[in-house]
Structures are given as C-alpha cells and as structure tokens.
Amino acid sequence: MSTVARTGESAGKVLSLYRQLLRQGNQFSSYNFREYAKRRTRDAFRENKNVEDPRQVQELVQKGLQNLQMLKRQTVISQFYQQDRLVVEGGLSGKDKEGGKLRQKDTGWD
Amino acid sequence: MSTIAPSVLRQASRLAAAAPLRSARVLSRATTAAAVKTASASRSYVTETKRNNADVQAEHAIKLDHREMEKQGLAISAQNGSSQHVSPMADVLSNAIVMDEGQRPIYLDMQATTPIDPRVLDAMMPYFTNVYGNPHSRTHAYGWETDKAVEEARKHIADLIGADPKEIIFTSGATESNNMSIKGVARFFGRSGKKKHIITSQTEHKCVLDSCRHLQDEGFEVTYLPVKSSGLIDMAELEAAIRPDTAIVSIMAVNNEIGVIQPLEEIGKLCRSKKIFFHTDAAQAVGKIPVDVNAMNIDLMSISSHKIYGPKGIGACYVRRRPRVRLDPIISGGGQERGLRSGTLAPPLVVGFGEACRIAKEEMPYDSKRIKHLSDRLLNGLLSMEHTSQNGDPNHFYPGCVNVSFAYVEGESLLMALKDIALSSGSACTSASLEPSYVLRALGNSDESAHSSIRFGIGRFTTEQEIDYVLKAVTERVGFLRELSPLWELVQEGIDLNTIQWSQH
C-alpha cells in the first residue's frame with residue numbers, strides 16, 4: 001500500500017481486497033493452486049506496496065478485483081472435480097505432529 | 001484398508017442396537033475393542049473417534065455402509081476447507097477411513113506436461129459454453145466474435161516471442177509443427193533438386209529425428225551432429241557440417257531431458273550468414289527463458305501449449321515472413337492459416353493458448369526467480385549425496401529441469417521406490433521401452449549411468465514443501481536401495497568396479 005493509499009479509505013479498500021483474495025484463494029481444492037494463489041497475492045501486494053500514483057493504484061486495484069472474480073469462478077469449478085489429497089498435505093486436524101498422535105503414512109515402500 | 005471401516009461400523013452398530021441403554025463406558029470399551037482390533041489389523045493409524053459423539057444407530061450405519069463412497073467424498077470436501085456442511089455420521093466415517101487421505105503423488109514432471117493455470121481455464125470457459133461460433137465464418141456475429149478472440153490470442157503468442165501475429169500458424173502441437181517445418185522446407189527445396197541436405201543434432205526430440213529419418217527414405221541426406229559431454233552443440237562442428245546444398249538446420253532450444261540451453265544466437269547468426277533456414281524446437285523454452293526470433297535469427301519455431309500451463313492439443317509454428325520461408329504444407333484443405341495448415345481452429349484451445357502465453361510473459365521474471373531458487377535448493381541437496389552427478393551443462397541449463405544420475409542404483413527401481421512422487425527417467429516418449437535414453441547416451445554416459453538417472457521438473461506451482469519432501473524421500477530411498485546393492489558393497493570396500501572379472505555361469 002503506497003503512502004497515498006496508506007491513509008484514507010483507499011487503504012481500507014486495498015486491505016479488504018487483499019483479505020478477500022487470500023480468503024478466496026484458500027478455497028481451491030488443489031494443493032498446488034491453493035498455495036500458489038496465497039503466495040502470488042502476498043508477493044504481488046508486497047511488490048507494489050510503494051506505488052505512489054493514485055491512477056496506478058486504481059489500475060492495480062481493478063486488476064485485483066478482476067482476479068478476485070476469476071478466483072470465485074475457478075474455486076467453485078475446482079471443488080466440483082476434486083481429487084485425493086497429496087502426500088505432502090497435512091491431515092484435516094492439522095499436521096501429523098499435533099496432538100501427540102503420530103499418524104504413520106505408509107507411502108513408497110510397499 | 002477401507003474395508004475395515006464397514007466392519008467397525010457393523011460391530012459398533014450391533015452393540016448399539018443390542019443394548020441401547022448400555023452406559024457410555026461400556027460403549028466406549030466396545031469401540032476401544034473395535035479400534036484395537038482395527039489397529040492391530042492395519043497397524044498404521046490411530047483413529048480420532050470422539051467416543052461421546054460415536055452415537056451409532058443401526059439404520060444409519062447400514063445406510064452409510066452402502067453409501068460409503070459418497071460420504072468419503074463429503075469428508076474429503078470438508079477437509080479441503082470448503083464451506084460444506086458435514087453430518088456427524090460422515091465425520092465418524094471420515095475418521096475411520098482416514099488412512100485413504102494423502103495418497104496422491106506430488107507432481108514433479110513438468111517437462112512431460114503442466115497443469116492448466118486456473119486463469120487459462122477461466123479464459124477458455126466461455127468458448128466451451130456460449131461463444132461457439134466457427135472463427136472462419138465471415139457472415140455472422142458468432143463467427144466474428146470467435147475470430148476476434150483467435151486474433152487476440154495470436155497477438156499474445158507473437159508478443160511472447162517478438163514476432164508479428166501474421167507469422168504464427170496454429171497447429172495441433174509441437175510435434176505437428178516440427179513435422180511441418182522440417183518436411184515442409186525440405187520438400188519445397190528438394191523439388192528443384194538443389195538443396196538436399198539437413199543438419200540436426202543427436203539429442204533432438206523423437207519427432208524431429210523421426211521426420212529426418214523419413215526424409216532420408218525420400219532421398220535427402222541428414223547429418224546428426226554429436227554433442228559435447230555437457231550436452232551443448234560444438235559450433236565448429238556445426239560450421240564444418242554445413243555444405244552448399246544444406247537447406248535447413250534444426251537444433252532444439254531447451255532439451256526436454258537434460259534441460260541444456262543451446263547457443264541460439266550464435267547458431268542463428270551462422271545460419272543467417274550462410275543463407276540457411278534455422279528451425280528450433282522451442283517447446284520447452286518459450287515462456288520460460290526469453291526468446292526473441294529477430295535477435296536470434298530464427299526462421300521457424302515450434303511452440304507447444306501444454307508445456308506453459310495451457311491446454312493440451314494445440315501448439316503453434318512460427319514461420320518467418322521477411323525473408324519469406326517457403327514451405328510445402330502437410331495438411332491441405334480450405335486454405336486457413338495462410339494455406340500452411342488448413343482446418344477449423346478450436347477457439348477454446350487457441351484462446352487458452354493465447355492466455356497462457358500472455359500470463360507467461362507477465363510472470364516470467366517472478367517465475368524464473370522462484371524456479372531458480374527451488375532448483376538450486378534441490379540440486380544442492382541431491383549433489384551433496386555421494387556418487388551423484390548432474391547430466392547436462394551446469395551453467396547453461398534451464399533451472400526447471402534437473403537431471404541427476406545416482407550411481408549404483410537402477411533408475412526404474414528408484415522410480416518405483418519413489419512412487420509417492422511423480423517423476424520420470426528419460427522423456428515420456430522413450431519411457432515405454434526399457435532402453436536407456438538416447439539423449440544421455442549421446443552425452444557419452446555409460447549405459448549404467450544412463451539407466452540410473454532421474455529427471456525432476458519444477459514449475460510455477462511447485463512449493464518448497466514439495467521440494468523438501470522430495471529431498472528427504474530421495475536421500476532415504478537411495479540409501480536403502482544402495483544398501484541392497486552388492487556393487488555398492490564393493491565400492492564401499494574401495495574396489496574399482498572396472499577391475500572385476502565377472503564370471504560366466
């Protein structure tokens with residue numbers, strides 16, 4: 001968020017857009033797309049945080065909104081056509097080490 | 001494993017039906033017994049059954065038994081964070097069949113193909129649903145709107161490689177583009193009988209080598225240039241191989257097995273000076289390294305959509321117009337695509353391809369930085385193991401393609417040991433046969449070394465977690481396989497394997 005957008009209601013807009021993008025990107029059923037969406041929004045916002053020109057800020061916000069619309073459509077589609085979880089994803093109740101229970105995953109040997 | 005779940009449920013339901021007023025403690029003891037039984041049978045998971053909520057009724061249990069697959073679907077969707085309401089029965093069942101989660105291998109074979117980027121799919125969807133016109137229909141709005149989209153896609157592809165949109169011909173993929181370029185140019189110039197020589201390299205893709213072999217049957221002469229042990233072409237040898245009747249030189253930009261980047265500018269300059277057409281198979285290069293057809297003096301180029309996060313089934317051929325490249329088309333018909341490739345275009349695929357190219361151009365700096373970082377991490381980890389070596393030039397290779405040989409371990413057995421990671425040894429087009437890859441043999445590797453190599457493909461969607469998982473898995477399992485190997489024992493004792501006299505028996 002630029003110093004222009006750091007104050008005023010545009011800062012709020014940018015922040016709310018960021019949160020919405022992250023929340024929507026988390027809805028992908030595919031691990032790779034989910035992680036990419038989170039990582040890319042974070043890096044894109046970080047990269048543009050010092051943009052001054054209000055017109056450019058407005059352009060970037062527009063692009064962000066278009067991406068948000070795209071995410072809404074694509075996350076729904078990805079939930080229609082789901083697949084099993086990857087070996088590298090944790091369990092539903094968090095990673096294997098939580099709660100003292102070691103869930104052994106038999107992968108790769110038999 | 002999932003067959004244990006219905007037996008658990010049947011047992012629990014029988015207990016519940018038989019004595020519905022039994023105390024919670026007894027019920028919990030019964031479920032413990034069931035859990036212990038299942039634990040001993042499967043030996044590898046601990047259920048998180050919430051005993052107080054394990055309120056199993058008979059008819060529910062029987063229904064669930066029959067509809068287990070649907071419940072499994074529900075359970076999985078709940079786990080993926082979507083906002084779907086899950087019934088407590090499904091929750092119990094999900095805990096009982098928790099063994100089935102997390103089985104799908106992680107994907108590290110980006111040179112074979114790449115997943116379709118969600119943004120690309122989003123651009124394609126209208127053309128699969130409501131915008132269905134034929135782009136070649138000139139008389140109505142259905143045709144005009146799809147034509148507009150196709151021309152826009154053409155512009156995106158042209159911008160990515162620094163070409164003019166009129167120079168892009170859509171084909172069904174890089175294989176068709178390679179065939180079209182090589183056979184087309186050779187046949188056009190072979191007709192007059194003057195230019196009958198083709199130069200290519202030994203590490204090309206199978207479709208190029210097969211086209212050249214086919215042309216040899218038609219009477220052309222082909223020189224297959226050897227490569228240095230690093231995988232790069234020797235410019236002096238290329239210059240020496242050029243004859244007055246050479247029509248075309250075909251060298252691929254980025255090799256799909258070892259990832260080496262050939263010196264395209266130098267080769268292009270040499271070919272331009274000798275007035276020979278320069279064709280390059282850039283299927284693995286476009287969108288990943290910067291490619292400019294004018295700076296590199298490229299006359300013909302093959303592009304594949306499914307290597308840059310686009311749909312499968314579409315590709316393009318860049319055919320230079322100034323100076324004009326004359327081709328004999330392989331597919332005749334209504335004269336679409338400048339007469340070089342007739343046939344109705346598929347607007348959804350073309351639009352997806354265009355969008356993939358647009359995204360690739362925009363994201364190239366970000367993606368290449370990230371892939372370099374992941375690749376360095378993976379390569380350093382793999383090379384820090386003993387008796388491993390990288391195939392290909394360590395300075396001139398595309399970071400997303402890491403090909404490492406593990407000595408004293410057989411490649412196929414390592415792939416089977418790594419069955420939770422989707423990998424490849426050699427390329428997809430040679431993996432059906434049991435022969436070692438011809439590319440690795442061309443590098444001068446011995447047969448054993450060529451057999452024991454694995455190719456890791458890193459892409460836009462690969463995460464650090466996956467790379468760490470791969471490193472850990474490879475280190476463990478290579479160690480395990482080496483322990484099994486008698487050759488490894490000999491090597492550990494310090495015996496040089498070349499001095500051993502293998503006896504006949």
Side-chain angles (χ1 to χ4, degrees), chain A residues 22-44 46-47 63 66-96 98-110, chain B residues 1 42-48 72-73 75-84 91 94-95 98-107 115 117-123 125 363 366-367 369-370 416-422 459-470 473 476-477 480:
Chain A
L22 284 180
R23 201 170 301 145
Q24 198 60 43
N26 220 11
Q27 302 288 324
F28 272 115
S29 73
S30 148
Y31 165 79
N32 294 95
F33 291 156
R34 203 164 53 229
E35 292 297 309
Y36 178 77
K38 285 195 289 198
R39 186 173 61 231
R40 192 69 186 94
T41 49
R42 202 186 54 220
D43 289 342
R46 197 167 289 167
E47 193 186 309
K63 226 171 59 162
Q66 278 169 6
N67 273 312
L68 183 62
Q69 296 303 316
M70 182 277 297
L71 279 179
K72 285 187 174 152
R73 291 189 288 261
Q74 291 305 311
T75 46
V76 168
I77 291 179
S78 90
Q79 282 164 18
F80 290 155
Y81 301 102
Q82 283 188 23
Q83 289 275 16
D84 264 350
R85 302 164 68 79
L86 295 183
V87 288
V88 82
E89 299 183 63
L92 171 62
S93 43
K95 305 290 184 279
D96 289 340
E98 267 186 34
K101 284 202 184 85
L102 179 65
R103 281 217 199 121
Q104 275 180 293
K105 286 196 223 158
D106 259 345
T107 47
W109 291 104
D110 44 333
Chain B
M1 287 300 165
S42 73
R43 78 167 169 87
S44 45
Y45 67 89
V46 176
T47 57
E48 274 187 336
Q72 203 170 356
I76 290 176
S77 68
Q79 290 161 8
N80 285 324
S82 67
S83 50
Q84 283 186 6
D91 212 18
S94 81
N95 288 327
V98 82
M99 188 56 197
D100 287 340
E101 92 182 37
Q103 297 285 25
R104 213 162 139 70
I106 59 181
Y107 190 77
D117 193 310
R119 293 167 281 194
V120 167
L121 183 61
D122 198 59
M125 285 302 281
E363 303 271 327
Y366 178 79
D367 280 343
K369 193 171 102 182
R370 207 168 153 273
M416 285 199 290
L418 289 169
K419 75 171 198 235
D420 52 343
I421 307 175
R460 184 187 289 166
F461 300 109
T462 315
T463 60
E464 272 199 30
Q465 219 179 342
E466 289 177 328
I467 298 288
D468 291 339
Y469 184 94
V470 166
E476 280 170 10
R477 296 172 205 174
F480 172 77

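The figures that follow rest on heavy atoms only: side chains count, while hydrogens, waters and symmetry mates do not. Numbered from 1 within each chain, the chains take letters A, B, ... in sequence-line order.
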May I have the step-by-step check of side chain to side chain contact (heavy atoms under 4.5 Å, CB included) for Arg39(A) and Thr463(B), ending in yes or no?
CA-CA 10 Å; Arg39(A) 186 173 61 231; Thr463(B) 60; 3.8 Å; yes

Side chain to side chain contact (heavy atoms under 4.5 Å, CB included) assessment of Arg40(A) paired with Glu363(B)
CA-CA 10 Å; Arg40(A) 192 69 186 94; Glu363(B) 303 271 327; 2.7 Å; yes

From CA spacing to verdict: side chain to side chain contact (heavy atoms under 4.5 Å, CB included), Asp43(A), Arg370(B)
CA-CA 11 Å; Asp43(A) 289 342; Arg370(B) 207 168 153 273; 5.5 Å; no

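Side-chain atoms of Asp84(A) and Gln103(B) form no donor-acceptor pair, as typed in the model, at a separation below 3.5 Å.
Neither the backbone nor the side chain of Leu71(A) comes within contact range of chain B; no heavy atom of the residue lies under 4.5 Å from a heavy atom of that chain. Interface remark: Tyr107(B) contributes no atoms to any contact with chain A (heavy atom separation under 4.5 Å). Contact annotation for Pro105(B): only backbone heavy atoms (N, CA, C, O) come within less than 4.5 Å of a heavy atom of chain A.
Interatomic distance, CD of Glu35(A) versus CD of Gln465(B), reported as 6.5 Å (0.5 Å rounding). The distance from the CG atom of Asp117(B) to the OH atom of Tyr36(A) is 6.0 Å, given to the nearest 0.5 Å.
Side chain of Asn32(A) to main chain of Phe461(B): a donor-acceptor pair is present (N/O by atom type, distance under 3.5 Å, no hydrogens or angles).
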